[in-house]
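Contents: one structure, followed by commentary.
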Amino acid sequence: MPLGLSQKARGIAPSATLAIDAKAKAMRAAGENVIGFAAGEPDFDTPETIRDAMKEALDKGQTRYSPVPGTVELRRAIVEKFKRDNGLTYDISAVLVSNGAKHSLYNAFFALCDEGDEVIIPTPCWVSYPEMVRMVGGVPVFVPAGEKENFVPSAAALAAAITPKTKAFMLTSPSNPNGCVWPKATLQALADLAVQHDFYIISDEIYESLIYGDHAHVSIASLGEAVRARTIVVNGVSKTYAMTGFRIGYAAGPRDVIDAMSNAQSQATSAPNTPAQAAAMRALTMPQACVETMRKAFEERRDAIVAGINQIPGLSCVKPDGAFYVMMNVSALLGKRIGGEPVADCAAFATALLSHAKVAVVPGNAFMAEGYCRLSYAVSMETIREGLQRIEAFVTSLT
Ligand code: PMP
Ligand code: GLU
């Protein structure tokens, strides 16, 4: 047998969001003044009481393995959180804590997909879903939805994507990359389809606390017992509490699915970091005022960046209702040139923007959205203002 990588490994693309963020950070480290709209990561400091909880855990000797599904204390706090925020009742045995929501998602795909099983994913979608589905041998099936529909597919489009091989549906509301929040009626339509055709819903609710205007988060699992029995709710502390580096995510769902996810985790990674679990427990149980403070700041930034983009000739965007991303439509500018070089597609646009204007964005092709670039507005107002000025100057210089 010759040396070499597996077919599966060769087929996997690296995370574009992390790669572009790493490039922007490397340029900054080399002394370049780069504005980073690439990383989907809150810029706020992790609240002090959460940091204290981690230090206290270390000092109390909580430095050993915890039970694979997470500490009992953290899982109890998660059970309470589901009750308090989502109207969902779970037994502690139906909850699994993992190394970030990303790991929870991977565990879920692993637990559900056999070779050739289909997972329906609305697009534009977050970079990691299709790759994770492929990593476990599943087949991503895409349902595109455009700006006109506010990036939410119609009930008819959802129904049309279902086949006898449909195993699961990947729901993300609020969404990364487009910030859409699914209306309750569409959630209900999806729930009805899942019950009728017997497929699972993996509901990634990591942006649930970042919703703006009159919109409110509804967990699809709360729409009735039948849909709850088919839903794996995934959430985490990264975005709500500015805790991306702690790597704590969690999932709740049907016992057999959670058990299978836990078994996989027990073999691959064991329990997540014990002191980080203590910090996550503090986050979920402390007074939640700081969450609202951060949410309000994100809402102001959203308003500023949306207004700024829409006043630059050739660019536009729809106003997102949640998360901290906006999809900037660059399609009217494609085909122009910069310094003689053609800007043929959104990837070329993002590359030219980074090299000429020192502004990092993620090209839409990473999210199956040609013609767009994703901007994360989890940055200061000052950065937003400066970044928009640079983008405008860049656009003006296109010929
Ligand atoms: N889901 C979505 C939609 C995300 O944007 C992210 C951000 N990386 C995650 C899941 C995973 O978050 P984490 O692993 O940091 O909990
Ligand atoms: N979710 C964030 C993003 O989309 C963080 C990077 C990642 O995990 O891919 O930018």
Side-chain angles (χ1 to χ4, degrees), residues 16-17 37-38 40 120-127 129-130 140-161 169-187 189-190 204 207 210-215 217 298-299 301-336 343-350 353 359 361-378 384 387-388 391-392 395 398:
T17 44
F37 290 127
I120 302 175
I121 306 177
T123 60
C125 65
W126 182 45
V127 272
Y129 301 139
V141 171
F142 300 109
V143 185
E147 275 183 353
K148 275 191 231 90
E149 309 147 277
N150 214 6
F151 299 111
V152 178
S154 66
L158 297 177
F169 187 97
M170 187 61 238
L171 172 66
T172 320
S173 177
S175 159
N176 176 4
N178 53 58
C180 71
V181 174
W182 282 43
K184 196 169 175 187
T186 317
L187 291 176
L190 174 60
D204 182 345
Y207 294 102
L210 297 175
I211 295 197
Y212 314 118
D214 300 334
H215 299 266
H217 178 67
F298 283 126
E299 186 161 20
R301 295 162 178 194
R302 173 199 66 160
D303 293 346
I305 201 163
V306 166
I309 289 172
N310 281 320
Q311 62 82 37
I312 300 175
L315 296 178
S316 64
C317 67
V318 297
K319 197 174 191 173
D321 296 318
F324 40 59
Y325 307 103
V326 59
M327 293 293 269
M328 181 168 79
N329 189 332
V330 301
S331 55
L333 300 174
L334 300 181
K336 292 193 175 242
V343 180
D345 53 24
C346 64
F349 187 97
L353 188 64
V359 175
V361 300
V362 184
N365 58 331
F367 312 105
M368 309 203 53
E370 182 48 64
Y372 292 87
C373 289
R374 187 195 78 175
L375 278 66
S376 159
Y377 51 86
I384 290 173
L388 286 169
I391 292 172
E392 182 158 20
V395 166
L398 295 172

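Among all heavy-atom pairs drawn from G322 and V181, the shortest one is N-CG2, 4.0 Å. Here the closest non-hydrogen pair linking T186 and P153 is CG2-O, 3.6 Å. The heavy-atom pair separating P140 from I121 by the smallest distance is CB-CD1, 3.8 Å. For L334 against A344, the heavy-atom pair with the smallest separation is CB-O, 3.7 Å. Closest approach of C125 and P177 over heavy atoms only: C-CD, 3.6 Å. Here the closest heavy-atom approach between residue A366 and residue A16 is recorded as CB-CB, 3.6 Å.
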* side-chain contact (heavy atoms from CB on, under 4.5 Å) between L158 and I120, intermediate numbers included -> CA-CA 9 Å; L158 297 177; I120 302 175; 5.6 Å; no
* Quick one: do F151 and F367 satisfy ring pair (Phe, Tyr, Trp, His ring centres under 6.0 Å)? Show the steps, please. => CA-CA 12 Å; F151 299 111; F367 312 105; over 10 Å; no
* Asked: Should L171 and L190 be marked as a side-chain contact (heavy atoms from CB on, under 4.5 Å) after you check the CA-CA gap, both sets of side-chain angles, and the distance that decides it?
  -> CA-CA 9 Å; L171 172 66; L190 174 60; 4.2 Å; yes
* **side-chain contact (heavy atoms from CB on, under 4.5 Å) between L333 and V343, intermediate numbers included** => CA-CA 8 Å; L333 300 174; V343 180; over 6 Å; no
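T123 places no side-chain N or O within 3.5 Å of a backbone atom of F142 that could act as its donor or acceptor partner.
The closest side-chain donor-acceptor pair between D204 and Y129 falls under 3.5 angstrom.
Note that CZ of F349 is 7.0 Å distant from CD1 of I391, once rounded to the nearest 0.5 Å.
Sorted by first then second residue, the side chain to side chain donor-acceptor pair (under 3.5 Å) pairs that include residues 304-319, not counting sequence neighbours, number zero.
P124 places none of its side-chain heavy atoms less than 4.5 Å from the side chain of Y325. Contact check for R374 versus N176: side-chain heavy atoms found under the 4.5 Å cut-off. Contact check for V395 versus L315: side-chain heavy atoms found under the 4.5 Å cut-off.
With sequence neighbours excluded, no residue forms a salt bridge (charged side-chain N to carboxylate O under 4.0 Å, His left out) with E392. In this view, Y377 satisfies the ring pair (Phe, Tyr, Trp, His ring centres under 6.0 Å) rule with no residue, not counting sequence neighbours.
The only member of V362, V326, L388, I384 that meets side chain to side chain contact (heavy atoms under 4.5 Å, CB included) when paired with F37 is I384.
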